[in-house]
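Take a look at the structure below.
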Amino acid sequence: KQRERSSDNESGKVSNLQFLHSYLTYIKLCTLVKRNESMAHTLQAKLKETGADENKRGPRPQDLIRLYDIILQSLAELSTLQGLEDDHTFQKEVSLKTLVYKAYRCFFIAQSYVLVKKWSEALVLYERVLKYAKEVQSKVKSFKNSLKDLPDVQELIAEVNAEKYSLQAAAILGESTFMSSTVLSPNMQIVVFSFVRF
């Protein structure tokens, strides 16, 4: 029996014990992903509430970034489980889930830049979010049933577009305020403000 086991290992076959280990690890990692996704959903709702009330202290984008980091790490481990490396359907599903959570992670990194008024960096990251989201949309049709529990990327796209417009307006407003405070005459202020706006 010892020799049979060693010959199986040498020929690249996965033993029953390895399959059991992979199965238990799969359950653990899937549970971890679901738990952190649920926590992220709760924090997102709280973040929106506190965003409307500046005096209210609540979660920060960094808190969500950490959760999405854990989710992405768990997905990376799922893709390397013994016995599942050659399951192409499973690998494609994990790859697609990874794209979804990368998009959300990138979104909250952009939000963290917005808080410190790094407009250009945030805009670049928002564009990357849209890239990830559109890539998901192009691949998701064949996985609708198995990926129905994933966050909605269409909702994320709408939110990113809204954030981009707000960001551009905030950047223009900040720049125009600075410009209008440095010119001398009221007429010059009007000209400069109009130039910065358009």
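- Minimum heavy-atom separation, E37 to I71: N-CD1, 3.7 Å.
- In this structure, I157 and A133 approach most closely via the heavy-atom pair CG1-CB, 3.6 Å.
- The closest donor-acceptor contact from the side chain of S166 to the backbone of A162 lies under 3.5 Å.
- Within 6.0 Å of CG on L17 lie no more than 12 heavy atoms contributed by other residues, nucleotides or ligands.
- Of all heavy-atom pairs between V33 and S74, the closest is CG2-CB, 3.6 Å.
- When the side-chain hydrogen bond (donor to acceptor under 3.5 Å, both in side chains) test is applied to R35, no partner is found at least two apart in sequence or on another chain.
- Listed for the D63 side chain is a donor-acceptor partner under 3.5 Å among the backbone atoms of R60.
- For the pair L130/K164, a side-chain contact is recorded, criterion being any heavy-atom separation below 4.5 Å from C-beta on.
- Counting side-chain heavy-atom gaps under 4.5 Å among Ile, Leu, Val, Met, Phe, Trp and Tyr, the cluster of L32 also holds I70.
- A donor-acceptor pair under 3.5 Å is absent between the side-chain atoms of Q82 and the main chain of S15, judged by distance alone.
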Side-chain polar contacts of residues 104-125 - donor-acceptor pairs under 3.5 angstrom, sequence neighbours left out - could you list them?
| unit_1 | atom_1 | unit_2 | atom_2 | d |
| --- | --- | --- | --- | --- |
| Y104 | OH | D152 | O | 3.0 |
| R105 | NE | D69 | OD1 | 2.5 |
| R105 | NH2 | D69 | OD1 | 3.4 |
| Q111 | NE2 | Y126 | OH | 3.3 |
| S112 | OG | I109 | O | 2.5 |

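- Atom CG in L84 sits 11.5 Å away from atom OG1 in T89 (nearest 0.5 Å).
- L81 contributes atom CG, which lies 11.0 Å from atom CG of D87 (distance to the nearest 0.5 angstrom).
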Given side-chain contact (heavy atoms from CB on, under 4.5 Å), test L150 with V136 step by step and report yes or no.
-> CA-CA 11 Å; L150 279 177; V136 169; over 6 Å; no
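- Note that the NE2 atom of H41 and the CG atom of N36 stand 14.5 Å from one another [nearest 0.5 Å].
- Atom-to-atom distance recorded for S95:OG and L78:CG is 12.5 Å, nearest 0.5 angstrom.
- Note that the OH atom of Y68 and the CG atom of L75 stand 12.0 Å from one another [nearest 0.5 Å].
- Put simply, the side chain of E159 reaches to within 4.5 Å of the side chain of K48, judged on heavy atoms.
- Counting only heavy atoms from C-beta outward, the side chains of M39 and T42 never approach each other to under 4.5 Å.
- F90 CZ: more than 12 foreign heavy atoms inside a 6.0 Å radius.
- Taking the charged nitrogens against the carboxylate oxygens, E127 and K131 have no contact shorter than 4.0 Å, which rules out a salt bridge.
- In plain terms, the two heavy atoms of L72 and T98 that are nearest each other are CD2-O, 3.5 Å.
- P59 and L47 get closest at one heavy-atom pair: O-CD1, 2.9 Å.
- Residues V94 and S79 share a closest heavy-atom pair of CG1-CB, 4.0 Å.
- Here the side chains of Q137 and Q154 are in contact, with some heavy-atom distance below 4.5 Å.
- Annotation: the span from K34 atom NZ to L29 atom CG amounts to 12.5 Å, rounded to 0.5 Å.
- Taking a 6.0 Å sphere around CD of Q62, one finds it holds more than 12 heavy atoms contributed by other residues, nucleotides or ligands.
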